[in-house]
Amino acid sequence: MIAMILAAGRGERLRPLTDSIPKSLVEVHGQSLLERHLENIRDAGITDVVINLGWLGTQIVERIGSGGAHGVNVVYSPEGDNILETGGGIHRALPMLGSEPFLVVNADTYTDMPVPAVELEEHQTGHLVLVPNPDYRHGGDFSLEAGLIQNSGSVMHTFSGVAVYRPEFFAGCEVGRFSIVPILREAADANMLRGSLYDGFWADVGTPERLAALE
């Protein structure tokens with residue numbers, strides 16, 4: 001399996017910290033978010049990683065290089081100033097991600113979640129890991145019913161940003177900037193997404209206040 005870490009975002013809500021460093025290189029307890037994810041991926045036995053680049057992406061290349069210091073092989077998918085969002089960024093990187101299901105991780109989270117061991121059934125195009133809604137977020141994104149991701153339900157959870165997708169999940173998408181959310185909604189309605197709930201530690205490092213709480 002190949003992994004992709006989404007690290008192109010601007011990190012607007014973490015400004016002014018992210019005026020000078022990319023969000024994925026923000027440190028918690030002396031280690032950057034990105035390096036923590038790389039080591040977690042390595043510990044799961046995954047050695048090939050794609051990282052997309054946007055805001056201050058050259059700093060990521062300078063810090064991570066080929067990934068050897070972290071026991072992985074890293075290649076980059078640069079997006080320049082035209083950051084392609086979640087869907088567009090993954091779609092652009094598809095030629096690097098192979099023909100088998102691949103892992104995607106949002107760089108701007110801090111968690112002790114192990115990489116999920118996922119076996120997709122033939123008709124399923126993806127698997128999302130959900131987490132209980134954090135205190136600052138009450139509505140949730142999806143429910144989990146009999147192992148299937150649903151757009152509504154009695155108990156809603158938050159999408160953790162960790163997922164496994166088949167390349168076919170992006171069939172029909174066009175090159176350019178787009179969010180993955182509408183595609184997730186459509187796949188959920190078609191019962192093509194499996195899911196799991198992780199109830200360990202997970203945090204979205206989205207604001208200075210959340211970063212301070214982690215520290």
Side-chain angles (χ1 to χ4, degrees), residues 3-44 46 48-90 92-93 103-116 128-137 141 158-163 177 179-181 198 200-215:
M4 180 172 187
I5 301 178
L6 300 178
R10 173 65 175 82
E12 289 285 351
R13 293 176 299 165
L14 269 175
R15 296 179 68 184
L17 179 59
T18 50
D19 286 342
S20 57
I21 62 171
K23 188 176 182 181
S24 64
L25 292 186
V26 168
E27 293 189 355
V28 178
H29 301 301
Q31 184 181 42
S32 74
L33 298 170
L34 179 57
E35 289 168 301
R36 181 179 174 90
H37 285 305
L38 285 173
E39 292 177 5
N40 190 45
I41 287 168
R42 175 204 64 202
D43 291 346
I46 299 173
D48 294 316
V49 182
V50 177
I51 301 174
N52 68 336
L53 302 175
W55 173 250
L56 300 177
T58 55
Q59 291 189 29
I60 294 175
V61 178
E62 291 169 359
R63 179 82 163 261
I64 303 301
S66 64
H70 301 283
V72 293
N73 305 309
V74 173
V75 295
Y76 297 98
S77 178
E79 299 176 14
D81 295 330
N82 183 30
I83 296 174
L84 299 174
E85 294 193 45
T86 49
I90 299 170
R92 186 184 190 282
L103 174 73
V104 174
V105 177
N106 284 359
D108 58 355
T109 59
Y110 185 87
T111 181
D112 59 7
M113 180 194 304
V115 170
L128 309 186
V129 180
L130 308 182
V131 294
N133 296 329
D135 293 341
Y136 55 83
R137 196 165 190 275
D141 299 308
T158 293
F159 176 33
S160 69
V162 176
R177 186 173 187 263
S179 169
I180 199 172
V181 174
Y198 181 70
F201 186 80
W202 177 91
D204 172 9
V205 188
T207 66
E209 293 77 16
R210 292 180 210 163
L211 177 60
L214 284 172
E215 291 280 27

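- Distance check: L38 CG to I46 CD1 gives 11.5 Å after rounding to the nearest 0.5 Å.
- No side-chain donor-acceptor contact under 3.5 Å links S24 to the backbone of L34.
- For D141, the salt bridge (Lys or Arg N to Asp or Glu O under 4.0 Å) partners two or more places apart in sequence, or in a different chain, are R137.
- Taking the side chain to side chain contact (heavy atoms under 4.5 Å, CB included) definition, one finds that N73 meets it with T47, D48, sequence neighbours left out.
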Might you work through the side chain to side chain contact (heavy atoms under 4.5 Å, CB included) test for D108 and L6, ending with a clear yes or no? CA-CA 8 Å; D108 58 355; L6 300 178; over 6 Å; no
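- Residues Y198 and V162 form no side-chain contact, since every pair of their non-hydrogen atoms from C-beta on lies 4.5 Å or further apart.
- The salt bridge (Lys or Arg N to Asp or Glu O under 4.0 Å) test applied to R10 returns D19, not counting sequence neighbours.
- Listed by first then second residue, pairs satisfying side chain to side chain donor-acceptor pair (under 3.5 Å) with a partner in residues 51-60 read N52-E79, not counting sequence neighbours.
- L33 approaches T109 most closely through the heavy-atom pair CD2-O, 3.8 Å.
- With hydrogens and angles disregarded, a donor-acceptor distance shorter than 3.5 Å links the side chain of W202 to the backbone of S160.
- Applying the side chain to side chain donor-acceptor pair (under 3.5 Å) definition to pairs two or more places apart or across chains, those involving residues 80-90 are E85-R177.
- When atom types are taken as modelled, the side chain of D112 and the backbone of G200 share no donor-acceptor pair closer than 3.5 angstrom.
- What you find for A93 and V50 is that their closest heavy atoms are CB-CG1, 4.2 Å.
- Checked options R36, E35, H37; the residue passing with H70 is E35 (criterion: side-chain hydrogen bond (donor to acceptor under 3.5 Å, both in side chains)).
- When side chains are defined from C-beta on, I5 counts as touching I41, because their heavy atoms get closer than 4.5 Å.
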Set out, in order, the CA-CA distance, both residues' side-chain angles and the distance that settles side chain to side chain contact (heavy atoms under 4.5 Å, CB included) for F159 and V181, then state yes or no. CA-CA 10 Å; F159 176 33; V181 174; over 6 Å; no
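- To the nearest 0.5 Å, the span separating CD1 on I51 from CE on M4 amounts to 9.5 Å.
- Using a 4.5 Å heavy-atom threshold, the side chains of Y110 and H29 count as touching.
- Listed by chain and number, the residues in a side chain to side chain contact (heavy atoms under 4.5 Å, CB included) with A203 are F201, L214 (sequence neighbours excluded).
- Side chain of N133 to main chain of T158: a donor-acceptor pair is present (N/O by atom type, distance under 3.5 Å, no hydrogens or angles).
- Nearest heavy-atom pair across A7 and I60 is O-CD1, 3.9 Å.
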